[in-house]
Amino acid sequence: MLRGSDGRDGNVRSDRCDYERGPSALPGQALRPQGTSEVAPPDAGNSSGVAVPAQDSTHLRASDWTRTLARYRQPRPSRSVFELAVTFIPFVAIWAVAWWMLSISAILSLVLALANAAFLVRLFMIQHDCGHGSLFRDRWLCDWIGRGIGVLTLTPYDVWRRTHAIHHASTGNLDRRGVGDIPTLTVSEYRQKRWLGRALYRLLRNPVFLFGVVPFYTFFLQNRLPVHLMSSGGHYWLSAMATNAAIGLVLGVIVWLGGWDVLLFVFLPTMLLAAIAGMWFFYVQHQFEETSWQHEDDWNVQEAALHGSSHYDLPGILRWITGNIGVHHVHHLASRIPFYRLPEVIADHTTLAGTSRIMLWESFRCARLHLWDEKHRRLLSFAEARTLAA
């Protein structure tokens with residue numbers, strides 16, 4: 001069994017988030033057939049240019065997928081530069097136009113700022129790839145790009161990378177909840193709480209609070225101090241304080257040059273909408289009805305990755321905005337795959353395309369799920385949990 005962290009300060013096996021490298025033969029459930037394997041396109045490492053038959057993936061166990069997906073891990077530098085450019089340049093351009101538009105119409109400026117949240121979300125996804133070391137081969141380059149983007153996303157890069165590493169190393173583990181995840185109780189845990197504990201949990205899981213208040217708290221307040229990593233070394237405090245100083249400098253220049261209106265009509269709307277969208281995507285990637293939670297003795301990282309992460313099958317424009325993060329089960333199986341290569345995996349392995357698949361309109365029902373039923377192994381609403389107790 002792969003032990004990724006201790007569940008709190010996160011003694012993560014690899015701070016580079018390379019969790020696809022695990023034991024070669026972990027016990028696992030055979031994947032139910034959802035399709036047939038196809039002929040794989042020429043791989044980047046195949047100089048002959050001749051298509052080679054893809055491995056029959058219909059009955060692969062979760063532990064086998066890490067080896068199968070290793071061929072997609074190689075980043076393509078020109079593609080990485082292109083993706084960074086077509087995200088960052090429009091973001092800055094729209095931001096500048098929205099700023100200029102304030103002199104004509106605050107409403108038009110606000111509309112542009114809200115639209116620009118799409119590019120900020122995509123920048124965060126690129127920062128996410130930097131955290132996994134998958135955007136470029138050079139770890140140093142990934143880290144400094146990630147730190148720079150962190151100023152725009154209000155996210156101290158090194159702090160986030162650490163907590164995200166804990167998330168990858170412990171996702172779906174009932175005994176290691178609490179870092180980098182959405183608070184989730186089992187039905188029995190919820191019933192054992194007193195009325196105040198139940199009320200607080202209901203408040204936290206309320207969609208208005210979860211997707212309205214929590215995003216603001218996370219990005220504007222929690223990210224300012226790495227309190228949860230107090231015992232993990234000064235490196236994380238330096239990351240948070242340096243990011244805060246850079247953010248303060250940027251905001252100071254904005255107010256000096258453009259006044260407070262720029263903050264109110266351009267900066268804040270972009271940040272808030274991007275934060276809300278980011279919270280939703282993080283939620284739906286693991287909080288769906290047939291997700292997977294196990295206690296430590298029955299848990300392993302590949303099974304949790306494959307069966308506890310969704311394939312959020314989005315329309316094309318949303319896939320682009322979110323950097324294909326909806327292919328989340330593949331990302332958790334092989335976190336070093338660049339985001340722009342994830343569609344290749346789905347195209348080459350139709351079994352994965354049908355695994356844990358959630359469509360856009362279907363996904364909104366996930367917001368009504370609150371409690372993990374250990375007996376029936378699915379997430380329930382509070383109403384369904386009451387029915388079980390009747």
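Throughout, residue positions are numbered sequentially from 1 according to the sequence presented.
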Reported CG-to-CZ distance for the pair Leu371 and Arg202, which is rounded to 0.5 angstrom: 8.0 Å

Main-chain N/O of Arg357 paired with Asp313 side-chain donor or acceptor, under 3.5 Å: no

Transitive ILVMFWY side-chain link Val92 to Leu112, under 4.5 Å: yes

Derivation and outcome, side-chain contact (heavy atoms from CB on, under 4.5 Å), residues Trp237 and Leu225: CA-CA 7 Å; Trp237 281 92; Leu225 291 174; 3.7 Å; yes

Test of ring centre spacing under 6.0 Å for Phe282 and His128: no

From Phe216, Tyr217, Tyr283, residue fulfilling ring pair (Phe, Tyr, Trp, His ring centres under 6.0 Å) relative to Phe211: Tyr283

Verdict with reasoning, Thr243 to Val159, per side-chain contact (heavy atoms from CB on, under 4.5 Å): CA-CA 10 Å; Thr243 303; Val159 175; over 6 Å; no

Side chain to side chain, Ile337 and His331, heavy atoms closer than 4.5 Å: no

Backbone N/O of Leu123 and side chain of Gln127: donor-acceptor pair under 3.5 Å: no

Under 3.5 Å side-chain donor-acceptor pair for Tyr236 and Arg161: no

4.5 Å side-chain heavy-atom contact, Thr355 and His329: yes

Residue that, paired with His332, satisfies ring pair (Phe, Tyr, Trp, His ring centres under 6.0 Å) out of His286, His132, His164: His286

Geometric cation-pi criterion, Arg198 with Trp195: 6.0 Å, 45°: no

Point-to-point distance, once rounded to the nearest 0.5 Å, from CZ of Phe124 to CH2 of Trp160: 5.5 Å

Donor-acceptor contact below 3.5 Å, side chain Ser292 vs main chain Ala304: no

Under 3.5 Å: donor-acceptor pair, side chain of Arg73, backbone of Ala70: no

Donor-acceptor under 3.5 Å (Arg191 side chain, Ala385 main chain): yes

Side chains of His235 and Asp158, donor plus acceptor under 3.5 Å: yes

Euclidean distance, Ser381 OG relative to Arg386 CZ, rounded to 0.5 Å: 7.5 Å

Validation row: Leu152, Phe91 side chains within 4.5 angstrom (heavy atoms): yes

Flag, side chain of Asp129 to backbone of Ser134, donor-acceptor distance under 3.5 Å: no

Any donor-acceptor N/O pair, Arg319 side chain to Leu314 backbone, under 3.5 Å: yes

Test salt bridge (charged side-chain N to carboxylate O under 4.0 Å, His left out) applied to Arg76 and Glu344, step by step: CA-CA 13 Å; Arg76 296 165 178 162; Glu344 293 180 46; 3.0 Å; yes

Tyr312-Phe288 aromatic ring centre distance below 6.0 Å: no

Thr186 and Trp293: CA distance, side-chain angles, deciding distance, side-chain contact (heavy atoms from CB on, under 4.5 Å) verdict: CA-CA 10 Å; Thr186 67; Trp293 287 90; over 6 Å; no

Rounded distance (nearest 0.5 Å) linking atom CG of Leu342 with atom NE2 of His311: 9.5 Å

Taking every non-hydrogen atom, the tightest pair across Ile182 and Met279: CD1-SD, 4.1 Å

Pairs meeting criterion side-chain hydrogen bond (donor to acceptor under 3.5 Å, both in side chains) with involvement of residues 102-126, two or more places apart: Glu83-Arg122, Thr87-Arg122

Residue pair His228 / Gln222, side-chain donor-acceptor N/O under 3.5 Å: no

Pair Phe82 + Tyr340: ring centers closer than 6.0 Å: no

Side-chain (His349) to main-chain (Ala347) donor-acceptor, under 3.5 angstrom: no

Side-chain touch Leu210/Gln287, heavy atoms, less than 4.5 angstrom: no

Heavy-atom closest contact (Ala367 atom, Pro207 atom, distance): O-CG, 3.9 Å

Glu362 side-chain N/O to Met359 backbone N/O, donor-acceptor pair under 3.5 Å: yes

Value rounded to 0.5 Å, distance of OG1 in Thr171 from CD1 in Ile166: 12.5 Å

Contact check, side chains of Val330 and Ile346, non-hydrogen atoms, under 4.5 Å: yes

4.5 Å side-chain heavy-atom contact, Phe339 and Ile126: yes

Single-linkage hydrophobic cluster Trp372~Tyr201, side-chain heavy atoms < 4.5 angstrom: no

Heavy-atom pair with the smallest gap, counting every atom of Val284 and Cys366: CG2-SG, 4.1 Å

Exercise: identify the closest heavy-atom pair between Arg177 and Leu185: NH1-CA, 4.0 Å

Gap between atom OG of Ser310 and atom CD1 of Ile358 - 0.5 Å precision: 4.5 Å

Side-chain heavy atoms of Thr153 within contact of Met271, under 4.5 Å: no

Criterion side-chain contact (heavy atoms from CB on, under 4.5 Å) on Leu268 and Phe220, from CA distance to verdict: CA-CA 10 Å; Leu268 281 176; Phe220 286 84; 3.7 Å; yes

ILVMFWY network linking Tyr157 to Val227, side-chain heavy atoms under 4.5 angstrom: no

Arg205-Thr184 side chain donor-acceptor pair, cut-off 3.5 Å: yes

Shared hydrophobic cluster, Trp280 / Leu273 (ILVMFWY, side-chain heavy atoms < 4.5 Å): no

For Val151 against Ile247, the heavy-atom pair lying closest together: O-CG1, 3.6 Å

Any side-chain heavy-atom pair of Val86 and Trp320 under 4.5 Å: yes

Under 3.5 Å: donor-acceptor pair, side chain of Asp175, backbone of His295: no

Joint cluster assignment, Leu264 & Leu257, ILVMFWY side-chain distance < 4.5 Å: yes

Other residues, nucleotides, ligands: >12 heavy atoms within 6.0 Å of Arg365 CZ: no

Over all atoms of both residues, closest heavy-atom pair of Ile325 and His328: O-ND1, 3.2 Å

Geometric class of the Phe382/Tyr190 ring pair [parallel <30°, tilted 30-60°, perpendicular >60°]: tilted

